[in-house]
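Down below is the structure, laid out as structure tokens.
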Amino acid sequence: MFAGIFSVGRFSGSVRTTFLLSVVLLLSAFVIDGAAQKRFSKTYPAGQDVKLQLINRTGTVTVEGWNRPEVSIVASVEAPAANIAPQSLSGLILINLVRDNQGRETGDVNFTIRVPYNSKVDIETLIGNLQVSNVRSGLVRAHISSEGDIVLTNIAAKFVSAENGLGDIVFDGEIHEGGVYRFTSMKGTISLRIPFTSSFKLVATAPSTRNISLGAFASSNLTLVGDGRRITGRFGDGSATVTVTNQRGNIGFYSR
Amino acid sequence: MNCDECKHLIDVFMDNELSEAQAASVRDHLTVCVECSLMCEDLSLILDACSADVVEEVAPPNSQALWCRINNIIETEANPAQPPKPVEEPTRGRFWQLSFAQVAGAVFGVAIISSLLTMVAVQSYNRPPTDDFTTRSTATQTTFERLLSRVGLMTTPQQAREARLKEQHAAIEYWNARVLERRNVWNRATREAFDRNLRVIDESVHDYKMILQQNPDDELSGEMLDAVLTDKMNLLRDFSEL
């Protein structure tokens, strides 16, 4: 078809050849892209107390709370395609890509998962970013074995744990009475944005940089120990426990 | 005839084998001698019993029990029963009647037993859990703990730390061997990410070890060393499952 068009036109042979090659390349790119990426999608009905447990190998995981009694899992799967086999086990939705793809080389799997607001969320990955937002439940846990950022926004949970190797951790949420909050990084920046009305016992340790910024939360009850490598004490009546450790990075507290 | 002669001839007389003259002499003697006549009667009874037509051997009803009874009787006769001892009233101050050696032995025994019990109790109470060394240092040790450490009843913070490090290194070696087996199937990006993370962890381990060499009582560095070694172990374990 293109040959017919160009044969009668005013284009020279070299221009025509270049254009045809470009078109071929563009089409092949689309074909390759279509073959390289797959899409996975599945929805599960969810009860009142559902827990999502995801263990990914590489890729970004985004979990959002929504106002529907169902869990929606959408994943874009890069080649070589990983096997994704979610299991729904009496209130637990489990996706374990490490177990299901052991001994195989797989490409990144990027998840976007929507869960009811009150779901417990427990997500892990070996490499990649984790994001959780709009979750109000008993548990939010995000763990990266090696590198990747963790961003937890609009979280209201009694137990929160975020842990990574290389990468930043951002927590923007509430500190509940009697709750336990742990943030651990090997190298990166840990930023906690919490309400000024929070009350907690704090152990914040940055042994390498000694850079712990309490911001508005600085008070006489919080004291430096170990030559400034750690800040420990209480803010408010100290009913919750906040433990922050950054081996080779900074720690910052910000008022919400 | 006298008694001796009579006794000598009596059994032949009973068998009617004496001459008439001798038998008459024996009969005469038996009429005048009570003792010999009684002996003759006894002998006559025995001979009658022996000459009965059916001899029944009656077994004792329980031969074992019979032998026991016989044995008991023999023993009783051999050791005549002692008269029962009168019950003695407990006398006051009996303790003071013990000899010095007895008292000293008892005190020594009690001391040994209580020492052993104390030693066991102290060792059990003070044996730190493996993850406890991070909160212990010579600075936080009480005098009692120092004393126990000196006599070997309690591990020092350094010993506890070394024991913990040994455990962690053993676990790290195990997981590292598994990682080495599998890392050739990882893609390049995974290998690079793993190596980057391991490098940062190893830098931290090195830093804390240096600090602890200079200041073994630095609790915080001890705690952080423990934490990074745990991180290293977890990293190796997680990637070994790929």
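Values below: all heavy atoms of this structure, side chains included; hydrogens, waters and symmetry mates excluded. Chain letters run A, B, ... following the sequence lines, proteins first, then strands; residues in each count from 1.
Only the side chain of A:E163 comes within contact range of chain B, with at least one heavy atom under 4.5 Å from a heavy atom of that chain. Heavy atoms of B:F194 lying under 4.5 Å from chain A are absent altogether. Heavy-atom distances place both the backbone and the side chain of B:R196 under 4.5 Å from chain A. For B:D231, the part lying under 4.5 angstrom from a heavy atom of chain A is the side chain only.
Near-neighbour residues of residues 89-99 of chain A relative to chain B, defined by a heavy atom under 4.5 Å from a heavy atom of that chain, comprise A:V98. Along residues 100-110 of chain A, the residues that come nearer than 4.5 angstrom to chain B, judged on non-hydrogen atoms, are A:Q102, A:G103, A:E105, A:T106 in order of number. By a heavy-atom distance cut of under 4.5 Å, A:R229, A:R230 are the residues of residues 217-237 of chain A near chain B, going up by number.
Top candidate by heavy-atom pairs under 4.5 Å with chain B, chosen from A:P207, A:G165, A:S208, is A:P207. Ranked by heavy-atom pairs under 4.5 Å with chain A, the first of B:N197, B:V185, B:N187 is B:N197.
Counting non-hydrogen atoms of neighbouring residues, nucleotides and ligands closer than 6.0 angstrom, the CZ atom of A:R182 reaches no more than 12 such neighbours. Annotation: B:H206, atom NE2; neighbour count of heavy atoms from other residues, nucleotides and ligands within 6.0 Å does not exceed 12.
The CD atom of B:E192 sits 12.0 Å away from the OG atom of A:S146 when rounded to the nearest 0.5 Å. To the nearest 0.5 Å, atom OG of residue A:S145 and atom CZ of residue B:R237 are 8.0 Å apart. Atoms CG and NE2, from B:N234 and A:H143 in turn, are 6.5 Å apart once rounded to the nearest 0.5 Å.
Remark: A:S119 engages no residue in a side chain to side chain donor-acceptor pair (under 3.5 Å) (not counting sequence neighbours).
At a threshold of 4.5 Å between non-hydrogen side-chain atoms, the residues B:W186 and A:L126 do not count as touching. Between B:V200 and A:R248, the closest side-chain pair of non-hydrogen atoms falls below 4.5 Å. When side chains are defined from C-beta on, A:Q247 does not count as touching B:I201, because their heavy atoms never get closer than 4.5 Å.
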